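To find a chain, count down the sequence lines: A is the first, B the second, and so on, and within it residues start at 1. Predicted model only: the values in this text are computed from it and were never measured.
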There are 2 protein chains.
Amino acid sequence: MKITYKGDYALKTILDLAGNFRSAPVAINDLSKRLDIPTKFLEQILLDLKRAGFVESRRGKIGGYSLAKEPAKITLGEVVRFIDGPIGPIACVDKQYSGCHDVESCVFRNIWSQVGNSISKIIDQVTFEDLLKRTNKANKTFNYQI
Amino acid sequence: MKITYKGDYALKTILDLAGNFRSAPVAINDLSKRLDIPTKFLEQILLDLKRAGFVESRRGKIGGYSLAKEPAKITLGEVVRFIDGPIGPIACVDKQYSGCHDVESCVFRNIWSQVGNSISKIIDQVTFEDLLKRTNKANKTFNYQI
DNA sequence: ATAATCTCTACTATGTTAGTAGAGTATACT
DNA sequence: AGTATACTCTACTAACATAGTAGAGATTAT
Ligand code: FES
Ligand code: FES
């Protein structure tokens with residue numbers, strides 16, 4: 001798994017919209033400024049998120065975007081998968097990867113599967129409501145070896 | 001984290017060399033054929049692995065590559081990090097990433113840190129001796145959601 | 001000597017990412 | 001009706017990373 005800028009932007013945007021859930025829709029321009037995301041890029045991302053049903057939009061003068069579901073009903077994992085694709089650390093689980101021949105007996109595949117499972121376990125449990133609650137609280141869990 | 005072809009090739013190569021530990025050195029050509037890796041690409045990878053101290057080489061007629069340390073003393077994590085870089089799912093832990101401004105208060109960073117930790121926990125514990133033992137045993141842990 | 005094998009640097013083709021550009025459509029308000 | 005505001009859609013592009021390829025050079029066993 002790799003979170004791209006697009007994925008990162010999508011997550012930050014949804015979190016912002018989660019904070020404004022059931023308020024007036026937020027304009028792309030506001031989001032763009034507040035989150036420091038290039039406007040035209042954000043447009044595309046929001047369209048994608050809309051097509052996937054995460055957000056909904058309203059055009060015209062008082063238009064903008066709002067979350068389509070409750071923050072508690074959107075997980076981090078859903079968004080990440082939608083924007084940045086499969087969670088697995090290697091493409092051999094996809095169709096595209098030609099490197100793995102004897103998939104059945106490959107010892108690595110088992111490991112990659114464990115890795116995928118353990119990532120899923122984290123990001124599929126966290127909802128945007130959880131994240132909202134955590135905002136402005138200390139986070140002090142930084143010790144993994146880069 | 002994303003395992004590239006280069007990384008995948010490196011791991012498979014080291015596993016092969018682990019299987020031939022303390023035997024005669026293995027020629028690039030043999031490795032290339034056996035593992036189905038483009039020869040010239042494998043050359044580069046082996047040079048990298050040599051510079052990092054994972055393998056050692058011998059030139060000339062009966063030359064080839066062999067593992068520089070016992071299989072039990074090389075972990076998956078070491079090799080992956082060396083070839084494919086940091087484990088973290090997002091670049092905001094590196095210097096390169098400009099997307100994250102208020103790093104201190106970002107709720108996502110905490111999550112990415114958890115993800116990194118949990119990946120590390122897996123791949124830093126598995127050695128190539130472990131993998132050797134597992135070779136030819138059934139692996140049936142395939143259930144993570146792609 | 002020479003054949004086999006590793007060593008090193010440079011080059012290239014392809015794909016992905018991170019945007020930009022611009023014309024079009026819907027809505028609120030006057 | 002007209003206009004300003006804001007979303008919609010498609011296409012294009014620049015920069016970078018990946019996955020190789022190419023070729024000349026150095027070492028060693030026989
Ligand atoms: S890494 Fe894909 S089957 Fe081995
Ligand atoms: S994702 Fe990098 S600090 Fe928030």
Side-chain angles (χ1 to χ4, degrees), chain A residues 1-10 12-13 17 24-33 35-52 54-66 68 80 83-86 89-92 94 96-100, chain B residues 1-10 12-13 17 24-33 35-52 54-66 68 80 83-86 89-92 94 96-100:
Chain A
M1 179 186 53
K2 165 132 187 274
I3 311 288
T4 62
Y5 274 79
K6 188 175 178 184
D8 178 41
Y9 292 162
K12 287 172 177 165
T13 300
L17 293 179
V26 185
I28 296 180
N29 237 302
D30 294 346
L31 288 166
S32 165
K33 277 176 196 152
L35 304 173
D36 195 34
I37 301 170
T39 310
K40 295 297 279 182
F41 196 18
L42 184 55
E43 277 183 12
Q44 287 182 4
I45 296 170
L46 280 166
L47 280 177
D48 284 349
L49 292 175
K50 181 185 175 183
R51 289 185 190 117
F54 293 114
V55 303
E56 53 196 16
S57 64
R58 185 191 173 110
R59 290 190 183 185
K61 199 148 191 180
I62 60 163
Y65 279 91
S66 30
V80 168
I83 298 284
D84 284 330
I90 192 170
C92 86
D94 299 4
Q96 315 296 1
Y97 192 74
S98 63
C100 309
Chain B
M1 179 183 55
K2 164 132 188 271
I3 310 289
T4 63
Y5 275 78
K6 188 175 179 185
D8 179 42
Y9 292 163
K12 286 171 176 165
T13 301
L17 294 179
V26 185
I28 295 180
N29 237 303
D30 295 346
L31 289 166
S32 164
K33 277 175 196 151
L35 304 174
D36 194 35
I37 301 171
T39 311
K40 295 298 279 181
F41 196 18
L42 184 54
E43 277 185 11
Q44 289 181 3
I45 296 169
L46 280 165
L47 281 177
D48 283 349
L49 292 175
K50 182 185 176 185
R51 291 184 190 118
F54 292 114
V55 304
E56 53 197 17
S57 66
R58 187 191 170 108
R59 289 189 183 184
K61 199 149 192 179
I62 59 162
Y65 279 92
S66 29
V80 169
I83 298 286
D84 284 331
I90 193 171
C92 86
D94 298 4
Q96 314 296 2
Y97 192 74
S98 63
C100 309

Do the side chain of B:Glu43 and the base of D:dT21 come within less than 3.5 angstrom through a donor-acceptor pair of N or O atoms? no
May I ask you to verify if any side-chain N or O of B:Tyr65 is less than 4.0 angstrom from the OP1 or OP2 atom of C:dT7? yes
Contact under 4.0 Å: A:Lys50 side-chain N or O vs D:dT8 OP1/OP2: yes
Interatomic distance, A:Ile3 CD1 vs C:dT16 C1' [rounded to whole Å]: 16 Å
Nucleotide nearest B:Ala27 (side chain, heavy atoms from C-beta), chosen from C:dT5, C:dC8, C:dA18: C:dT5
Length of the line joining A:Asp30:CG and D:dC7:P, which is rounded to integer Å: 8 Å
Between D:dA26, C:dT25, D:dG20, which nucleotide has the shortest distance from any of its atoms to the side chain of A:Arg59? C:dT25
At their closest point, which heavy atom of B:Val26 faces which heavy atom of B:Leu31, and how far apart are they? CG1-CG, 3.7 Å
Starting from C1' on D:dT21, measure out to CD1 on B:Ile45 and report it in whole angstrom. 13 Å
Here the distance between atom P of D:dT21 and atom CG of B:Leu42, to the nearest Å, is 12 Å
Take the protein atom CG of B:Asp8 and the nucleotide atom P of D:dA19, then report the distance between them rounded to whole Å. 10 Å
With no hydrogens and no angle check, is any side-chain donor or acceptor of B:Ser32 less than 3.5 Å from a backbone partner on B:Ile37? yes
For B:Phe41 and C:dA13, give me the distance from atom CZ to atom C1', rounded to whole Å. 13 Å
When we call it a touch if two heavy atoms are under 4.0 Å apart, what does A:Val55 touch: a base, just sugar-phosphate, or nothing? nothing
Assuming nearest nucleotide by heavy-atom distance, tell me which of A:Gln44 and B:Asn29 is located more 5' along DNA chain C. B:Asn29
Is the distance from OP1 or OP2 of C:dA18 to the nearest side-chain N or O of A:Thr4 less than 4.0 Å? yes
Work out which heavy atom in B:Ile3 is nearest to a heavy atom in B:Asp8; give both atom names and the distance. CG2-N, 3.7 Å
Any B:Arg58 side-chain nitrogen or oxygen under 4.0 Å from OP1 or OP2 of C:dA4: no
Please evaluate the base of D:dG20 for a donor-acceptor partner in the side chain of B:Lys6 within a cut-off of under 3.5 Å? no
Nearest-Å distance, CD1 (A:Ile37) to C1' (C:dA18)? 13 Å
Heavy-atom nearest pair, B:Ile28 first then B:Glu43, reads CD1-CG, 3.5 Å
Nearest-Å distance for atom pair CE/C1', residues A:Met1 and C:dT16: 18 Å
With rounding to the nearest 0.5 angstrom, report the NZ to CD1 distance, A:Lys6 to A:Ile83. 5.0 Å
Between A:Ser57 and D:dT8, is there a side-chain N or O to OP1/OP2 distance below 4.0 Å? yes
What's B:Ile28 touching, base or sugar-phosphate or nothing? Going by heavy atoms closer than 4.0 Å. sugar-phosphate
Can you find a side chain N or O atom of A:Arg51 that sits less than 4.0 Å from OP1 or OP2 on D:dC9? yes
A:Lys40 side chain, from C-beta outward: closest of C:dA18, D:dC9, D:dT21: D:dC9
Closest contact, heavy atoms only, A:Ile45 versus A:Tyr9: CD1-CB, 3.8 Å
Both A:Ile62 and B:Gly60 contact DNA chain C. Which one's nearest nucleotide lies toward the 5' end? B:Gly60
Indicate whether OP1 or OP2 belonging to C:dA18 is found under 4.0 Å from a side-chain N or O atom of A:Tyr9. no
Choosing from C:dA4, D:dT27, C:dG19, which nucleotide comes nearest the side chain of B:Lys61? C:dA4
